[in-house]
Undergrad: 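Dumping the structure here so I can ask a few things about it.
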Number of protein chains: 2
Amino acid sequence: MTVVYTQTDSGVREPVTASEPLTASERAYRQLRVEILDGDLPPGTGLLEVEQAARIGVSRTPLRAAVARLISDGLVAGRSGRGFVVTEISIERIRELYELRQALEEQAARLAALRRDPAVFRALREQFVSAPELLLQGEDGIHRYYDLIDDLERAIDTAGANPYLVGALDAVRTHLSRIRRLARGNQARLRAAATEHLLIIDAIIAGDANLAAHATHVHLHQSLTSVLAAIDEETANRAD
Amino acid sequence: MTVVYTQTDSGVREPVTASEPLTASERAYRQLRVEILDGDLPPGTGLLEVEQAARIGVSRTPLRAAVARLISDGLVAGRSGRGFVVTEISIERIRELYELRQALEEQAARLAALRRDPAVFRALREQFVSAPELLLQGEDGIHRYYDLIDDLERAIDTAGANPYLVGALDAVRTHLSRIRRLARGNQARLRAAATEHLLIIDAIIAGDANLAAHATHVHLHQSLTSVLAAIDEETANRAD
DNA sequence: CGAGCATCCTTTGTATACAGAGGGCTCAAT
DNA sequence: ATTGAGCCCTCTGTATACAAAGGATGCTCG
């Protein structure tokens with residue numbers, strides 16, 4: 001199970017650890033993945049092997065390997081004799097995704113509360129207390145806020161110490177990142193989220209597994225509500 | 001070329017409608033998968049592309065595709081310059097797997113209770129009531145009992161109506177089937193399990209999501225306890 | 001006798017050639 | 001004009017040839 005953390009925001013955040021001698025299939029996989037996640041290849045886009053191989057600059061063999069991985073990621077679907085398609089994401093799919101996410105994140109929070117190193121989460125707490133200030137610092141602050149959330153998620157994953165769970169969560173987060181673009185930058189929501197995150201952190205520090213799980217449940221409920229509202233609004237605006 | 005990528009196909013229960021003209025990569029995938037799941041290729045077994053391609057009777061290209069799928073299934077792991085290995089399953093891994101399973105099956109039971117068609121589960125209830133009799137009918141009865149459990153799982157999946165959740169559960173069940181061989185055929189445990197399953201079914205029929213989730217939690221706790229005990233015993237016997 | 005280095009060999013990664021299947025297009029008939 | 005059938009063409013699935021990387025082994029030097 002190859003995990004690739006290419007955070008797809010236009011940020012230039014890779015420490016650039018030399019130019020990696022990536023294999024062709026790896027390059028093809030990453031490029032297609034980023035393009036799908038960023039929406040450059042919108043859902044429903046039909047793709048052909050030869051065409052994409054030529055565009056990316058690899059032969060069909062590594063491209064097919066890349067596509068196979070994307071299929072198992074659920075980002076594209078195979079078509080019988082006509083190439084492959086970028087999978088659609090409907091509102092119904094988002095609801096379903098959140099139902100899975102609920103189950104996974106609650107369990108992750110539970111396990112983290114049981115196994116955490118308190119020091120790690122106390123440090124995170126510090127940062128989340130001052131998170132609202134970040135939101136006043138424009139685009140860059142918001143970007144750093146999202147990074148902070150990533151740090152929290154990773155800390156919870158690490159504390160939970162369950163590779164299977166982390167793997168399932170990574171898959172969910174992959175799909176979520178296709179949605180997050182929609183609901184990005186809602187100040188009010190982000191401030192509320194910071195409060196919710198603080199409660200989760202406190203529960204984990206206290207070793208209160210049930211509270212951690214319930215706080216996570218509440219947080220995700222609010223998150224889903226916000227996402228659905230943002231999509232509704234978007235759709236309404238588009239109808240104007 | 002009609003190639004259907006049955007991504008999370010549990011494979012076992014195909015009515016075997018003659019040998020369809022499967023693609024070479026599909027054949028290779030299924031064969032390797034079955035061999036790993038059945039333990040013919042025990043954990044730790046090192047495999048080479050050429051060697052396996054020759055054995056199965058396909059060329060390296062489709063074999064590589066098959067291995068790629070097995071890797072994303074988590075059944076094998078890639079080695080840098082030395083082929084690939086069937087992944088190990090330690091006791092610790094089993095515990096972790098059950099932690100994930102808990103989260104997923106509880107959510108599935110919850111959703112099933114909310115969305116089920118009562119008639120389906122009333123029919124299943126009938127069968128589970130008479131399940132203990134099956135256990136008296138020897139190996140064949142036990143086999144039919146396991147089929148019954150499969151039916152229940154599928155009914156819950158269908159009622160839950162969440163493809164993402166089902167996909168995650170299929171992945172977990174794939175790994176579980178490697179373990180189940182160990183704890184197979186413990187009569188006392190199977191009788192107890194039938195009772196637990198009945199409670200889950202009743203909760204789903206009643207539309208009681210919380211009870212369904214808790215009953216599932218209890219059931220999985222007992223299941224894990226039983227599996228770990230069986231392994232302990234096995235290890236002890238082997239030490240003799 | 002041990003350690004380091006170079007070389008060989010094994011095994012993967014990639015490209016390309018070929019075959020078959022499926023869909024689309026054209027042409028004709030009603 | 002519309003619909004059906006047949007043909008062609010495109011695109012996938014597979015095999016194989018080639019290249020490069022990594023490890024193991026043996027040789028040499030200290």
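Convention: sequence-line order gives letters A, B, ...; per-chain numbering from 1. Since we're looking at a predicted model, the values are computed, not measured.
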Undergrad: Hey, is the main chain of B:Leu75 close enough, under 3.5 Å, to the side chain of B:Asp73 for a donor-acceptor pair?
TA: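 No; judged by distance alone, with no hydrogens or angles, the pair does not exist.
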Undergrad: B:Tyr29 ring centre to B:Arg69 NZ or CZ under 6.0 Å, with the angle to the axis within 45°?
TA: yes
Undergrad: So B:Tyr98 and B:His221, ring-ring contact (aromatic ring centres under 6.0 Å, His included) or not? Walk me through it.
TA: CA-CA 9 Å; B:Tyr98 264 81; B:His221 172 81; 10.0 Å; no
Undergrad: A:Phe84 CZ to D:dG13 P: how many Å, rounded?
TA: 11 Å
Undergrad: Does C:dG13 have its OP1 or OP2 closer than 4.0 Å to a side-chain nitrogen or oxygen of B:Arg64?
TA: yes
Undergrad: Under 4.0 Å between a side-chain N/O of B:Ser25 and OP1 or OP2 of D:dT14, yes or no?
TA: yes
Undergrad: So does A:Arg82 reach the base of C:dG24 with its side chain, donor to acceptor, closer than 3.5 Å?
TA: no
Undergrad: What integer distance in Å separates A:Leu22:CG from C:dG13:P?
TA: 13 Å
Undergrad: Report the nucleotide, chosen from C:dG24, D:dA15, C:dG13, that has the shortest atom-to-atom distance to any side-chain atom of B:Ser59.
TA: D:dA15
Undergrad: For A:Tyr145, which residues count as a ring pair (Phe, Tyr, Trp, His ring centres under 6.0 Å) partner, sequence neighbours excluded?
TA: none
Undergrad: Once the angle between the rings of B:His219 and B:His197 is folded into 0 to 90°, is it parallel (under 30°), tilted (30 to 60°) or perpendicular (over 60°)?
TA: tilted
Undergrad: Whole-Å distance between C:dT11 P and B:Arg60 CZ?
TA: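 Computing the B:Arg60:CZ to C:dT11:P distance gives 11 Å.
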Undergrad: What residues in residues 47-57 of chain A put a non-hydrogen atom under 4.0 Å from any atom of DNA chain D?
TA: A:Leu48, A:Glu49
Undergrad: Tell me whether the side-chain N/O atoms of A:Thr61 come closer than 4.0 Å to OP1 or OP2 in C:dG13.
TA: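 False: A:Thr61 side-chain N/O out of range (4.0 Å or more) of C:dG13 OP1/OP2.
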Undergrad: Could you check how far CD1 of A:Ile71 sits from P of D:dG13, rounded to whole Å?
TA: 9 Å
Undergrad: Output, in order, the C-alpha distance, side-chain angles, deciding distance and verdict of side-chain hydrogen bond (donor to acceptor under 3.5 Å, both in side chains) for A:Arg33 and A:Thr174.
TA: CA-CA 10 Å; A:Arg33 191 176 197 274; A:Thr174 294; 2.8 Å; yes
